[in-house]
Structure formats: C-alpha cells, structure tokens
Amino acid sequence: MDTMTQTKSRAEKFWTHPAVVFFIAFFCCFLWGSASPAIKIGYELFTIGAGDLASRFVFAGVRFFLAGMMVIAFGSVQQRRFLHPSKISWKYVFVLMTFQTILQYIFFYTALAHTSGVRGSVINAAGTFFSLFLAAFVFRFEKLTAAKVTGSIAGFLGVLLIVTAGASSGGAVSFAGEGCMVIAAFANAVAGCYIKKFSAKENPVTLSGWQFFCGGIVLMLAGLALGGRLRPTGAGAFLLLLYMGFISAGAYTLWGILLKYNDVSRITILGFMNPVLGVLLSALFLGEGKEAFSIRVFCALVLVSIGIILSGKKKR
C-alpha cells in the first residue's frame, strides 16, 4: 500500500468514526444555531430595518464574502499552496454557489418577509426530508430504508415541538412566504447532495471557500443595486460580522468533509440538532428562556435523539 493510499485510508477512518462524526456535526450545528441570534443582533448593530431587504442582501453578501476568504486562507495554509479550483472544477463552484448561497438565501429572506418565523422554521427543517429522498432517488448515493424514514419522522416531530412552542396560527399560505421557504429548503438539500458528489472530484474545502466567495459577491452586488447599505453603529458590528463569517466558514467546510466520507442520510439527520441548539442559544442571548427550558423542549430532544439513532443505523 503506497503512502497516498495509507493517508486516504487514515482520513476516511477518522472522518467516519461515530464519535468524530457526532461531535463535528454538533459543533457545526452549534455554530449554525448561534446564527439566528447573531443575525438579529447584527440587524440592530447595522441599523437594518425590518423591511430593508436590500440591506439584508448586502449584510448576507459581506458575511459570505468574508467566509469565503477565511476558508480559502485556511486551506491555502493547510496545503502550503494557494487554494483554487482546477479548470474543470469551476463548474462545481458555480453549481454550489447557485444553490447553496444565492438561491437559498434569496428565497429564505423573501420568505421571512411574508410568513411567520414559526412556519418558516418548520418548513426549512423539511430540507432533511428532501436530502434523504434526493440522495436515494435522484443522486442514488444510498437506499431509503424504513429506519431512515422512521428516524426522520421522529426527528422532524422533535423540531416541530420546538418551533411551534407557544405559537399561534394565522395568515394565509402564500407562494411568497411558505412557497419560497420550501424552495430555500430544497435548494439547500440539493447543495448538500452536490457537495458529496463533487467532493469525490475536488477538495471540499476548495469548493466551500470559492462558492462562498463568489456567492457573497453576487449577493452584495444585488443588494447594492437595490439600494441596500450597511450603517455600523460601532466596532462591535464589525466583530459580529467576522464571527458570522466564521460561522459559515467553519460549519460548512466541516459539514462538507463529513458528507464526503459518510452517507448523506447519516450526516443530514444530525442537522436536527441545529434548531434545538438554535432555541437554546436564543434563550441565552435573546432572553427567551421561558419558552426554551420547558417540558416541550425536553420531549423534542428525546425525539431528535431517537431520530439520530434510527437514521444512523445501517443494514448488516
């Protein structure tokens, strides 16, 4: 066995170890969970009004532009060369940029302007279902089993318990609201499957960094063209923006590496920790502890854990 094969074997053994997979996924979800309170605080620090969608695009674009620079710099230092896609890999960057950064966030922010946060959270969590079925029937990475379906349902019910806690229903379903959120969730699921597919041909760190960098530029230009602006209130605004860049850089890069070495369902199902951690971190930073620390949340965590165990099982 040559040196390259041994190195590849060690890497695969490390990134498929159950404990490594869980804790790396937990760290990613912790970062993503902190994004919601960070964004809300960022709107205040950059004085972005509730109806100022153009400035939100600029805000998101700067965040992803910084995230791309961080990932590219990290990968370049790690590999001791400037990290850039090969000539053939630019099409992979374009596909990921289109689905993961541009389409997902354009439809996501449009949806939030026309639907409640509760409905948006529930629909966005359905992206896991999209990932499982896309992996099984479109990309054909793996087979859909009864355990995976049952685990997904259990995990989704856990998410549903959290995001609907104390919420009141109301308002008609619309394409601009719920419809756009479905498209955003679907775009994210498609991107996840493409990451696994493209990672077999290109370094996932390279793909992640350059799709963030290019996608961030597109979002910034779109927001500026629509009249969006950022108005920082102090140094804290820039520090928060750097942290938000790290959220995307760290989480998506690590998540992409996990997808490269593991089944899509095994990784995407762990994404159910994302809304759970989001609720807990919102309680900590936004003062929503009364709702977060309740019996409903405890039951949700149990359901999510069951979902993770069932969906992670493989047929022998």
At what distance, to the nearest 0.5 angstrom, does OH of Tyr105 lie from CD of Gln100?
8.0 Å

May I ask you to decide if the ring planes of Phe99 and Tyr194 are parallel, tilted or perpendicular, using 30° and 60° as cut-offs?
tilted

Given side chains that start at C-beta, do those of Lys201 and Ile88 come closer than 4.5 Å, heavy atoms only?
no

Would you say Val205 and Val71 make side-chain contact, with heavy atoms under 4.5 Å?
yes

Rounded to the nearest 0.5 Å, what separation is found between the CD1 atom of Ile247 and the CE atom of Met70?
10.0 Å

Can you tell if the side chain of Leu83 reaches within under 4.5 Å of the side chain of Asn203, non-hydrogen atoms only?
yes

Restricting to non-hydrogen atoms, name the atom on Pro232 and the atom on Ala237 that form the minimum distance, rounded to 0.1 Å.
CB-CB, 4.0 Å

What orientation do Trp210 and Phe82 show, parallel under 30°, tilted 30 to 60°, or perpendicular over 60°?
perpendicular

I want to check something: taking the side chain as every heavy atom from C-beta on, are Thr47 and Thr233 in contact at a cut-off of under 4.5 Å?
yes

Which heavy atom in Cys28 sits nearest to a heavy atom in Leu254, and how many Å separate them?
SG-CB, 3.6 Å

Quick check: does any side chain N or O of Lys196 sit under 3.5 Å from a backbone N or O of Asn262, one acting as donor and the other as acceptor?
yes

Nearest 0.5 Å, please: how far is CZ in Arg56 from CD1 in Ile48?
7.5 Å

Derivation and outcome, side-chain contact (heavy atoms from CB on, under 4.5 Å), residues Ile106 and Phe57:
CA-CA 8 Å; Ile106 286 178; Phe57 282 170; 4.2 Å; yes

Can you tell me how far NZ of Lys197 sits from OH of Tyr92, rounded to the nearest 0.5 angstrom?
8.0 Å

To the nearest 0.5 Å, atom SG of Cys214 lies from atom CH2 of Trp90 at 5.0 Å

Sort out for me which residue in Leu219, Val218, Ile217 forms a side-chain contact (heavy atoms from CB on, under 4.5 Å) with Leu221.
Ile217

Taking Ser208 for the side chain and Pro204 for the main chain, is one N or O donor matched with an acceptor at less than 3.5 Å?
no

Answer with yes or no whether the hydrophobic clustering places Leu242 together with Leu45; edges join I, L, V, M, F, W, Y residues whose side-chain heavy atoms lie under 4.5 Å apart.
yes

Could you tell me which non-hydrogen atom of Leu96 sits nearest to which non-hydrogen atom of Ala191, and how far apart they are?
CD2-O, 3.7 Å

For the OH atom on Tyr243, are there more than 12 heavy atoms of other groups (residues, nucleotides or ligands in this structure) within a distance under 6.0 Å?
yes

Of the non-hydrogen atoms in Thr101 and Gly216, which two are nearest, and what is the gap between them?
CG2-N, 4.3 Å

Main chain of Gly228, side chain of Asp52: is a donor-acceptor contact present, judged purely on distance under 3.5 Å?
no

From CD (Gln79) to OG1 (Thr206), nearest 0.5 Å:
5.5 Å

Would you call Arg229 and Leu224 a side-chain contact if the rule is heavy atoms closer than 4.5 Å?
yes

Under 4.5 Å between any side-chain heavy atoms of Ile195 and Trp255, yes or no?
no

Can we call the ring centroids of Phe107 and Phe186 under 6.0 Å apart?
no

Is it the case that more than 12 heavy atoms not belonging to Phe139 sit under 6.0 Å from its CZ atom?
yes

Report yes if the side chains of Leu31 and Phe246 come closer than 4.5 Å at any heavy-atom pair, otherwise no.
yes

Transitively linked via ILVMFWY side-chain contacts under 4.5 Å: Leu66 with Phe238?
no

Report yes if the side chains of Leu240 and Met244 come closer than 4.5 Å at any heavy-atom pair, otherwise no.
yes

Hydrophobic cluster membership, with links at side-chain heavy-atom distances under 4.5 Å among I/L/V/M/F/W/Y: are Phe22 and Trp15 in one?
yes

Parallel, tilted or perpendicular: which describes the rings of Tyr43 and Phe59, with under 30° parallel and over 60° perpendicular?
tilted

Between Ser89 and Glu202, what is the shortest heavy-atom contact and its length?
OG-OE1, 2.7 Å

Can you check whether Phe65 and Phe213 have ring centres sitting under 6.0 Å from each other?
yes

Could you walk me through whether Leu280 and Phe30 satisfy the side-chain contact (heavy atoms from CB on, under 4.5 Å) test, starting with their C-alpha distance in whole Å, then the side-chain angles of each, then the deciding distance to 0.1 Å, before giving a yes or no?
CA-CA 10 Å; Leu280 296 177; Phe30 179 88; over 6 Å; no

Kindly give the heavy-atom pair with the smallest separation between Ala67 and Ala249, and that separation in Å.
O-CB, 3.6 Å

Hey, is the main chain of Leu230 close enough, under 3.5 Å, to the side chain of Ser55 for a donor-acceptor pair?
no

